[in-house]
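Here the structure is laid out as structure tokens; the discussion comes afterwards.
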Amino acid sequence: MTRYIFVTGGVLSSLGKGITSASIATILKQSGLNVSMLKIDPYLNVDPGTMSPLEHGEVFVTADGAETDLDIGHYERFIDATLGAKNNFTTGQVYQSVLRRERKGGYLGQTIQVIPHIVDEIKDRIKKAGKEHDFLIVELGGTVGDIEGLPFMEAIRELKHELDDDNTMNIHVTLIPYLAAAGELKTKPAQHGVQELRRIGITPHMLVCRTERPLPKDLKRKLAMFCDVNANAVIEASDAASIYQVPLNFIKEGILSPLSNHFNIKIKPNMQKWETLVKHIVLPQDELTIAFVGKYLDLKESYKSLTEALVHAGANLNTKINITWCDSERIEVLGAYEVIGACDAVLVAGGFGNRGIEGKLKAIQYARENEIVYLGICLGMQLAVIEYARNVLGLEDSNSIEFNENTTNPLIYLIDEFIDQSGDTQLRTHKSPMGGTMRLGEYPFIPKEGTKIKKAYGNNETYFERHRHRYEMNPFYKTDLENAGMIISGASSYGLIETVELKDHPWFVGVQFHPEFTSHLESPNPIILEFIKAASNNR
Ligand code: GLN
């Protein structure tokens with residue numbers, strides 16, 4: 001029997017509901033329980049794949065090729081698990097399924113309504129995600145009181161009856177603001193949020209209180225009384241130095257007893273390894289600096305998985321990774337040295353579109369010529385190949401057809417036939433629509449003996465990493481590039497080029513996939529770990 005924990009939020013957004021949910025899941029997982037997670041997004045987009053990273057942060061790609069909310073990334077990183085398409089759904093997906101069924105005559109002439117049809121579809125999806133797990137933690141996006149959240153709230157209310165009180169728990173994340181003028185912490189907004197929740201028929205069993213200041217005992221008692229929760233189930237969540245500290249803080253705050261009491265099971269996490277890693281993040285022995293070259297620098301959330309992957313590598317090497325954010329458009333104007341300056345390594349992340357490309361190319365040339373450790377991810381690999389072709393092979397108009405359709409040297413091109421994960425053939429041209437023509441999700445690749453990639457990944461023959469791109473490296477140039485010193489160090493089983501590196505350079509690697517999507521705190525991604533080791537050895 002699966003037990004369900006529903007996490008809702010009140011007062012305002014950005015309270016850290018995702019981290020709260022992932023932290024509770026971590027505690028259960030480290031107690032030996034089989035835990036999974038689900039994020040429900042009440043917006044109408046079918047998935048965040050076509051949303052601007054500036055608006056919505058990163059699009060997280062799962063192993064099975066779903067483009068999901070960035071919280072799914074946090075979940076995987078915390079519970080060291082691989083989630084998939086069924087672990088994130090939106091209002092858009094719910095309506096799409098119901099309407100498709102309606103068109104096929106699946107409702108036998110009934111009038112289709114929010115209650116029961118939409119709510120039933122939501123409940124089915126929740127139960128599907130919970131199947132075969134001891135616990136499913138369900139995070140509901142948005143804030144209590146949002147109109148678009150109502151069908152989901154109703155589903156949570158109904159599930160309590162279907163699954164029994166003992167098997168479901170409601171946790172409400174709220175804010176206790178500090179009013180400087182009054183010199184007081186205020187509980188009224190939290191009380192109003194809970195009232196709204198109870199009006200819909202959901203009574204929280206636990207409050208997680210985000211606060212900048214410690215909550216006095218009396219205030220906790222008052223909150224418990226007026227929000228109708230047990231006094232030991234008011235958990236303080238003050239700001240933490242690292243998000244990975246949050247599970248440890250929750251345990252210190254006494255979260256284990258209300259959880260154990262509610263579900264009537266023993267919850268005793270072993271946090272030893274976790275604690276050591278957190279100590280390395282908060283009090284590291286060493287530090288180094290990475291120049292992170294990108295274009296969405298106004299919203300660092302769009303590189304969330306990558307910045308977290310650097311934290312994981314750092315935690316496992318007891319090293320703090322300082323990031324110098326380098327805007328590729330500034331590099332175009334000022335030059336690489338002026339913007340990047342001294343650093344231990346250069347990282348060019350993935351991206352789409354023309355903006356800032358020439359600046360990224362300059363950064364790559366700077367790293368290559370000055371023997372600075374370099375990692376290029378996806379677009380960062382494609383540009384490393386273009387830079388090499390332009391400046392070493394002398395093919396001056398080398399480009400990706402993403403940026404110049406008519407280039408005479410399309411180093412990065414579009415293969416017109418592509419077999420996707422499900423074995424279907426996709427036909428593509430540069431006019432194909434953006435959505436639906438990307439190589440998405442996990443694909444195998446085989447590293448070549450004696451390469452840096454092989455060293456990073458160890459002894460297995462085949463590895464899996466996740467992709468999110470339309471363009472590929474053009475094999476037509478393979479021999480010329482190899483003769484000039486570029487090693488094609490990894491290929492997919494269909495012959496697509498997945499990784500490149502340089503012969504005469506301390507550590508210069510480009511990967512067509514996104515290694516950051518498989519990095520977890522307890523199991524950092526091998527290539528990112530190797531990158532940090534190289535940066536540290538090359539100082
Ligand atoms: N724009 C490039 C492509 O679509 C790279 C994508 C990426 O970096 N994720 O192939």
Side-chain angles (χ1 to χ4, degrees), residues 19 53 57-58 70 73-74 77 239-246 276-331 334-351 356 359-360 362-364 366-368 370-377 380 456 505-511 514-517 519-522 524-539:
I19 301 298
E58 172 185 84
L70 61 74
H74 283 310
R77 293 189 278 273
D239 295 342
S242 155
I243 52 173
Y244 301 105
Q245 218 170 24
V246 175
T276 307
L277 290 168
V278 169
K279 208 172 117 208
H280 291 174
I281 298 174
V282 184
L283 290 167
Q285 249 173 18
D286 199 359
E287 60 180 309
L288 50 79
T289 303
I290 307 274
F292 191 121
V293 182
K295 83 172 169 182
Y296 296 119
L297 300 188
D298 293 339
L299 192 67
K300 312 271 183 341
E301 292 283 286
S302 59
Y303 298 113
K304 195 75 203 166
S305 292
L306 189 46
T307 51
E308 289 306 317
L310 293 172
V311 172
H312 304 157
N316 283 272
L317 298 169
N318 204 352
T319 300
K320 176 169 194 237
I321 316 292
N322 300 308
I323 296 178
T324 308
W325 294 97
C326 303
D327 180 342
S328 46
E329 285 179 300
R330 277 193 70 218
I331 298 178
L334 299 173
Y337 175 74
E338 286 68 15
V339 178
I340 296 175
C343 64
D344 300 308
V346 171
L347 174 61
V348 173
K360 288 183 182 177
K362 278 190 184 168
I364 294 167
Y366 176 71
R368 181 176 60 77
N370 294 291
E371 302 202 335
I372 303 172
V373 167
Y374 174 77
L375 177 62
I377 293 179
H505 190 286
W507 206 92
F508 186 105
V509 171
V511 292
H514 287 271
E516 68 271 28
F517 288 145
S519 180
H520 304 158
L521 178 63
E522 294 173 290
N525 178 277
I527 198 71
I528 295 176
L529 197 65
E530 235 3 72
F531 169 59
I532 299 302
K533 278 189 201 162
S536 149
N537 293 337
N538 197 44
R539 279 184 286 186

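Residues take their numbers from the sequence shown, with the count starting at 1.
For His520, the ring pair (Phe, Tyr, Trp, His ring centres under 6.0 Å) test picks out no residue, with sequence neighbours left out. Considering only residues two or more places apart in sequence or on other chains, Glu371 meets the salt bridge (charged side-chain N to carboxylate O under 4.0 Å, His left out) condition with none of them. In this structure, the side chain to side chain contact (heavy atoms under 4.5 Å, CB included) partners of Thr276, at least two apart in sequence or on a different chain, are His280. Shown here are the side chain to side chain donor-acceptor pair (under 3.5 Å) partners of His514, two or more places apart in sequence or in another chain: Glu516. Take Glu522 and apply the side chain to side chain donor-acceptor pair (under 3.5 Å) test, not counting sequence neighbours, and it matches Gln30. For Asp286, the side chain to side chain donor-acceptor pair (under 3.5 Å) partners two or more places apart in sequence, or in a different chain, are Arg539. Residues satisfying the side chain to side chain contact (heavy atoms under 4.5 Å, CB included) criterion with Ala342, sequence neighbours excluded, are absent altogether. Qualifying side chain to side chain contact (heavy atoms under 4.5 Å, CB included) partners for Ile243, counting only residues two or more places apart in sequence or in other chains: Ile19, His74, Phe78, Glu308.
Looking at Asn537, its side chain does come within 3.5 Å of a backbone N or O of Lys533 through a donor-acceptor pair.
Distance check, rounded to the nearest 0.5 Å: CG of Asn370 to CD1 of Ile340 gives 9.5 Å. To the nearest 0.5 angstrom, Tyr244 atom OH is 6.5 Å from Ile281 atom CD1. Distance check, rounded to the nearest 0.5 Å: OG of Ser519 to CD1 of Ile528 gives 5.5 Å. Atom-to-atom distance recorded for Phe531:CZ and Ile377:CD1 is 8.0 Å, nearest 0.5 angstrom. With rounding to the nearest 0.5 Å, the separation of CG in Leu310 from CG in Leu529 is 11.0 Å.
Ala363 and Val346 make their closest contact through O-CG1, 4.5 Å (heavy atoms, listed as atom of the first residue, atom of the second, distance). Counting all heavy atoms, side chain and backbone alike, Gly294 lies closest to Tyr303 at CA-OH, 3.6 Å. For the residue pair Pro515 and Asn525, the shortest heavy atom distance occurs at O-ND2, 3.1 Å. Nearest heavy atom pair, residue Ala241 against residue Val282, reads CB-CG1, 4.3 Å. Taking every heavy atom of both residues into account, Ser536 and Leu288 meet most closely at CB-CD2, 3.5 Å. Scanning both residues, Tyr374 and Gly380, for their nearest heavy atoms gives OH-O, 2.8 Å.
For the pair Val339 and Asp327, the minimum side-chain heavy-atom distance is 4.5 Å or more. For the pair Cys343/Thr324, no side-chain contact is recorded, criterion being any heavy-atom separation below 4.5 Å from C-beta on.
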### Message
With side chain to side chain contact (heavy atoms under 4.5 Å, CB included) as the criterion, how do Ile331 and Tyr366 come out once you've worked through the C-alpha distance, each side chain's angles and the decisive distance to 0.1 Å?
### Response
CA-CA 11 Å; Ile331 298 178; Tyr366 176 71; over 6 Å; no
Practice prompt. Please assess Phe508 against Arg368 for the test side chain to side chain contact (heavy atoms under 4.5 Å, CB included), listing each intermediate value before the final yes or no.
Written response: CA-CA 7 Å; Phe508 186 105; Arg368 181 176 60 77; 3.7 Å; yes
Before giving the answer on side chain to side chain contact (heavy atoms under 4.5 Å, CB included), spell out for Leu375 and Ile290 the whole-Å C-alpha distance, their side-chain angles and the decisive distance to 0.1 Å.
CA-CA 10 Å; Leu375 177 62; Ile290 307 274; over 6 Å; no
Can you list the steps and then say if Ser328 with Lys362 is a side chain to side chain contact (heavy atoms under 4.5 Å, CB included)? CA-CA 9 Å; Ser328 46; Lys362 278 190 184 168; over 6 Å; no
For residues 313-320, dump all side-chain donor-acceptor pairs below 3.5 Å to protein atoms at least two apart in sequence or in another chain.
residue, atom, partner, partner atom, Å
Asn316, ND2, His312, O, 2.8
Asn316, ND2, Leu521, O, 3.1
Asn318, OD1, Gln285, N, 3.2
Thr319, OG1, Leu317, O, 3.0
Lys320, NZ, Asn322, OD1, 3.1

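Annotation: salt bridge (Lys or Arg N to Asp or Glu O under 4.0 Å) contacts involving residues 337-348, sequence neighbours excluded, are absent.
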